[in-house]
Amino acid sequence: MTITSPHLGSPSVWTDARLLYALEEVVEKELNRHLKTTKDWMPHEYVPWTDGRNFPGLFEDGEAWDKEQSKVTEIGRIALVVNLLTEDNLPSYHHEIASLFGRDGAWGTWVHRWTAEEGRHGIVMRDYLLTSRAVDPDQLERFRMAHMSEGFESDNRHSMLHSIAYVAFQELATRISHRNTGHQSGDPVCDRMLARIATDENLHMVFYRNLLKSAFELAPDLTMQAVRDVVVNFRMPGHGIPGFERAAAQMAIGEVYNLRIHHDDVLQPVLRFLKVLEIDGLGPEGVKAQEELGLFMNGLDTEAAKFDERLAARKARMAARGAA
């Protein structure tokens, strides 16, 4: 894809290859910062192994899963399945970012490091879920097979700038989803595990957010357009999970992830940090994208307020029924 920036001294042309090269030094700097900041951790240390016992199958003494065996709440089970199935598609995610960013130099080192860290998330979550019998293991495996058999194609695979903008928001969205799932799970062990995962996701967000900041300095108009497109059309990577729409609705009602959380805790923090709506000196296309982004955020806030009202009314009805 060829993209142009009017902010260079001459009418230069940006390609993905040129942008990759221009941002390589920033990637190396952010990679070194990340490696100094992050702390290695062992997935097996977060799993209650003594709670484990055999399932039916190879073992004749296996005990079938029953909902009553789960320590987590109903919303916790729903969100945990969505979160794990999202992590399960890691091979597809790795393929996409390795194809976009390359496998050499600082970019390649980051791609492989990110993949290794994300891999730990899937390992610890599955071990926890099966050992603690938090979810139906047969259903979980059927969902995994269906989801991964569909593969994954990012909405932003056509453009490096769009991809960087997307992951800057998506990593934070994932952090928030994991953290809120832990809070709503009803199990302190689950909460601690997801807090550990959320810490990683936040560091990933910082990496991409800082990279996006440098992209604004290089090609402000193009980056503004990419941010607008990503924010307006944002979808979580797990949207292809079987029954995702229903699960997403339940997670919204359960306050794991909804419009208000998306607006206040995901989009706004990144946009404020980068001062996206305050950037001046943009060309016509950049100004248009900035204005459209501002209008969209205002509209999203209005929609979030309507959702807040419906959720409050629902809570009031549920409280009234409980008191009756």
Side-chain angles (χ1 to χ4, degrees), residues 30 34 37 79 82-83 86 154-156 159 161-184 194-195 197-217 219-239 248-249 251-282 286-312:
E30 289 302 315
H34 178 82
T37 304
V82 170
N83 290 353
T86 300
S154 168
D155 297 331
N156 304 287
S159 159
L161 276 179
H162 282 72
S163 296
I164 291 174
Y166 175 74
V167 288
F169 294 105
Q170 181 266 321
E171 292 284 2
L172 182 53
T174 304
R175 172 194 180 273
I176 295 297
S177 181
H178 282 311
R179 200 69 192 94
N180 288 344
T181 298
H183 291 329
Q184 302 285 2
L194 292 177
I197 293 174
T199 298
D200 281 0
E201 301 290 10
N202 195 64
L203 290 175
H204 297 165
M205 179 276 294
V206 171
F207 178 95
Y208 287 117
R209 184 196 63 189
N210 292 350
L211 198 57
L212 188 59
K213 181 176 184 293
S214 294
F216 266 114
E217 295 168 359
D221 283 346
L222 299 171
T223 307
M224 185 67 72
Q225 292 172 66
V227 169
R228 175 209 49 204
D229 294 345
V230 163
V231 169
V232 169
N233 301 298
F234 186 88
R235 294 194 297 173
M236 290 293 277
H239 58 77
M251 290 168 67
I253 293 171
E255 298 183 85
V256 172
Y257 201 95
N258 55 39
L259 275 180
R260 173 55 62 201
I261 293 169
H262 183 61
H263 178 277
D264 290 1
D265 300 336
V266 176
L267 298 182
Q268 285 284 30
V270 176
L271 294 175
R272 277 198 304 264
F273 179 87
L274 298 174
K275 299 181 180 179
V276 172
L277 297 179
E278 301 171 28
I279 294 174
D280 55 17
L282 296 166
V287 169
K288 178 184 177 185
Q290 188 181 47
E291 291 173 347
E292 290 175 349
L293 178 60
L295 289 172
F296 176 82
M297 290 299 294
N298 288 337
L300 185 64
D301 189 38
T302 300
E303 289 300 310
K306 293 177 182 177
F307 174 83
D308 291 341
E309 292 174 2
R310 293 195 298 271
L311 185 59

Check: Going through the checks in order, is the side-chain contact (heavy atoms from CB on, under 4.5 Å) test met by T86 and T174?
Finding: CA-CA 9 Å; T86 300; T174 304; 5.8 Å; no

Note to self: Given 3.5 Å as the limit, does a donor-acceptor pair link the side chain of Q170 with the main chain of M236, or not?
What the structure shows: no

Checklist line | Nearest heavy atoms of P220 and L282, plus distance in Å | finding: CB-CD2, 3.8 Å

Notebook entry, point to check: Who are the ring pair (Phe, Tyr, Trp, His ring centres under 6.0 Å) partners of F234, not counting sequence neighbours?
Noted result: Y166, H262

Item checked: Atom pair OG1/CE of T181 and M251 - distance to nearest 0.5 Å -> 5.0 Å

Check: Short question: side chain of Q184, backbone of G254 - any donor-acceptor pair under 3.5 Å?
Finding: yes

Check: Are K213 and E217 close enough, and set up right, to give a salt bridge (charged side-chain N to carboxylate O under 4.0 Å, His left out), and what steps lead you there?
Finding: CA-CA 7 Å; K213 181 176 184 293; E217 295 168 359; 3.1 Å; yes

Notebook entry, point to check: How close do A252 and N258 get, heavy atom to heavy atom, and via which atoms?
Noted result: O-ND2, 3.1 Å

Notebook entry, point to check: Looking at side-chain heavy atoms only, is the closest gap between D301 and M297 below 4.5 Å?
Noted result: no

Check: Can you find a heavy atom in the side chain of L274 that is under 4.5 Å from one in the side chain of L212?
Finding: yes

Notebook entry, point to check: Which atom pair, heavy atoms only, marks the closest approach of A173 to V266?
Noted result: CA-CG2, 3.7 Å

Next item on the list: Dump the intermediate steps for side-chain contact (heavy atoms from CB on, under 4.5 Å) on V167 and L211, then the final yes or no.
Entry: CA-CA 10 Å; V167 288; L211 198 57; over 6 Å; no

Margin query: I need the E255 CD to R260 CZ distance, nearest 0.5 Å.
Written below: 12.0 Å

Next item on the list: Heavy atoms only: give me the nearest Q290-V276 pair and the separation to one decimal.
Entry: NE2-O, 2.9 Å

Next item on the list: Decide yes or no for N233 and D155: does some side-chain heavy atom of the first lie under 4.5 Å from some side-chain heavy atom of the second?
Entry: no

Checklist line | Spacing of N298 atom CG and E303 atom CD [to the nearest 0.5 Å] | finding: 12.0 Å

Margin query: With a 4.0 Å cut-off on N to O distance, would you call E309 and K306 a salt bridge?
Written below: no

Checklist line | Nearest heavy-atom neighbours spanning L271 and F169 | finding: CD2-CZ, 3.9 Å

Next item on the list: Indicate yes or no: at least one non-hydrogen side-chain atom of R175 is less than 4.5 angstrom from one of M205.
Entry: no

Margin query: My understanding is that only residues two or more places apart in sequence, or in another chain, count here; which of them pass salt bridge (Lys or Arg N to Asp or Glu O under 4.0 Å) with E278?
Written below: none

Check: How close do V256 and S177 get, heavy atom to heavy atom, and via which atoms?
Finding: CG1-O, 3.8 Å

Check: For the atom pair CG (L259) and CG (L311), what is the distance rounded to the nearest 0.5 Å?
Finding: 11.0 Å

Item checked: E171 CD to F207 CZ distance, which is reported to the nearest 0.5 Å -> 10.5 Å

Next item on the list: Mind checking the CD-CE spacing from E292 to M224? Nearest 0.5 Å is all I need.
Entry: 11.5 Å

